[in-house]
Amino acid sequence: MTCLGLVDCNNFYVSCERLFDPGLRHRPVVVLSNNDGCAVARSDEAKRLGIRMGDPWHLHRAEWQRKGVVIRSSNYALYGDLSQRVISILRRLAPSVEVYSIDEAFIDLAGLEGREEGIAREMRATILQWTGIPVSFGLAPTKTLAKVANRAAKKDAGSQGVKSLMSREKQSDALAKLEVEEVWGVATRLGRRLRALGITTAVDLREAQPDLLRREGGVVVERIGRELDGERCLMLDEGSKPARSIMASRSFGRPVTAQRELEEAVASFVSRAAEKLRRQNLAAGTVLVFVHTNPFKTTERQYSASDVVRLPVASADTSKLIHAAFCAVRRIYKQGYRYTKAGVMLDAIEPADGVQGDLWASADDWKGKTLMRTVDRLNRVWGRGTMVMAACGVNKRWAMRSEHLSPRYTTRWEELLRV
DNA sequence: TCTGGGGTCCTAGGACCC
DNA sequence: TCTGGGGTCCTAGGACCC
């Protein structure tokens, strides 16, 4: 059985702040979001005080002060830099690494089975020594189980930051203790539906029939169930895919009412998003603008709207994108409302050289050369690991169109042709 | 006065084509 | 003008993640 590791930096933003201010150690620390809006990271001490993710600062300010909580505004440049350092060490130590988020990565430990715990402990010590960032390792045969393992590594002090769920018995133990909503990919909505079926713990989800899960929650939930059962459905994805959408948005510090002000904000969002676009050598085909009033002010009149403008030709040119965005603003702006947030989303993204984003092989050609050529082109254009529309598995009724017929996806044409 | 800012994937369903 | 199977492509919106 092959082994995956999930490496997760502990309370990442807080750990970063502590590196540069050791006086923060052993104290309750909270890092706030942009505009100092709400808590986005808490130290263990802060968590013990009952401070939750997303707690708004302005509502808890006095209370936190009383409890001696140290507050920090976020510094994403710093976190990004430290994240890169951790990742580069991982890349040196592991054969393949998938960066999942700013503070998490999956690593492949295939071929190291039996020694994975020792190896993880060594990696952990190295990362701590070289960067000062404490990390936790979860080891398991699938990504979803590795998530469970990682959580156990953090919760269980005796594990010292490394937890292996490579054996079925250990998996059963850990899953029995886990509420279904705590499984990666299940949140309140899906949790509610699963509970209605009598599935209340992660182990229930593992034991459930895949076709039941398919019927109730689609391919996503089926996949989660199989993954918990030790079947690998989510593969390690090393190739960093080009972005499919790029967004820039902000809450305003104070309510905005004039169209003029909205336009100014939108123009700055577009220019930021366009920069990101160009840095990745991409162009956008559509520009979406959204605005809304303060949803927390239930007594005020609410309004929210969005509008998409299609460009005749995909572009990364800031002025063209701004022009499109202003058309959208003109359509959605209404006088008399107090806007507190707006944003811009660039979509229909394609490589700047003008090659179309989606590549198709029609069903007639499934066994033929066209498919091979399509996948080939796909790999050339997008890099590897990006084809998601192709499914392998039972395939009698291709009329299902975009329904994914298999819980597994692949970009390897050998595998596609085998279907 | 003040409640983040990004993203991804999947599904349903409509318009349209041969 | 209608029938109908088979298929493409796109969009909106839901759900989730960090």
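Labels below follow one simple rule: chain letters A, B, ... track the order of the sequence lines, proteins then strands, and each chain is numbered from 1. Computation of the quantities below employed the complete heavy-atom set of this structure, encompassing side-chain atoms and omitting hydrogens, waters and symmetry-equivalent molecules.
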*Looking at residues at least two apart in the chain, or sitting in another chain, which of them share a side-chain hydrogen bond (donor to acceptor under 3.5 Å, both in side chains) with R18(A)?*
E45(A)
*So what does R61(A) hit on the nucleic acid, given a heavy-atom distance under 4.0 Å: a base, only sugar-phosphate, or nothing?*
nothing
*asked:* Looking at R195(A), I want to see if its CZ is surrounded by more than 12 non-hydrogen atoms of other residues, nucleotides or ligands under 6.0 Å.
replied: yes
*Does a side-chain N or O from K297(A) land closer than 4.0 Å to OP1 or OP2 of dC2(B), or not?*
yes
*Measure the distance from OH on Y79(A) to P on dC18(C) and round it to the nearest whole Å.*
18 Å
_Sugar-phosphate only, base, or nothing, as touched by V99(A) at under 4.0 Å among non-hydrogen atoms_ = nothing
*With sugar-phosphate meaning primed atoms plus P, OP1 and OP2, does G253(A) contact a base, only sugar-phosphate, or nothing at under 4.0 Å between heavy atoms?*
sugar-phosphate
*Just call it for R193(A): base, sugar-phosphate, or nothing, with non-hydrogen atoms closer than 4.0 Å on any strand.*
nothing
*Can you tell me if NZ on K320(A) sees more than 12 non-hydrogen neighbours from other groups inside 6.0 Å?*
no
*Of all the base pairs, Watson-Crick or G-U under 3.5 Å, which form stems of three or more consecutive pairs involving DNA chain B?*
B:5-18 with C:5-18
*If you measure from the C1' atom in dC2(B) to the same atom in dC18(C), how many Å do you get, rounded?*
24 Å
*asked:* Base, sugar-phosphate or nothing for P255(A)? Non-hydrogen atoms, less than 4.0 Å.
replied: sugar-phosphate
*Atom CZ of F290(A) to atom P of dA12(C): distance rounded to whole Å?*
15 Å
_Listed nucleotide nearest any side-chain atom of N294(A), set dC9(B), dT3(B), dG6(B)_ = dT3(B)
*asked:* Nearest whole Å is fine: how far is dC9(B) P from Y100(A) OH?
replied: 10 Å
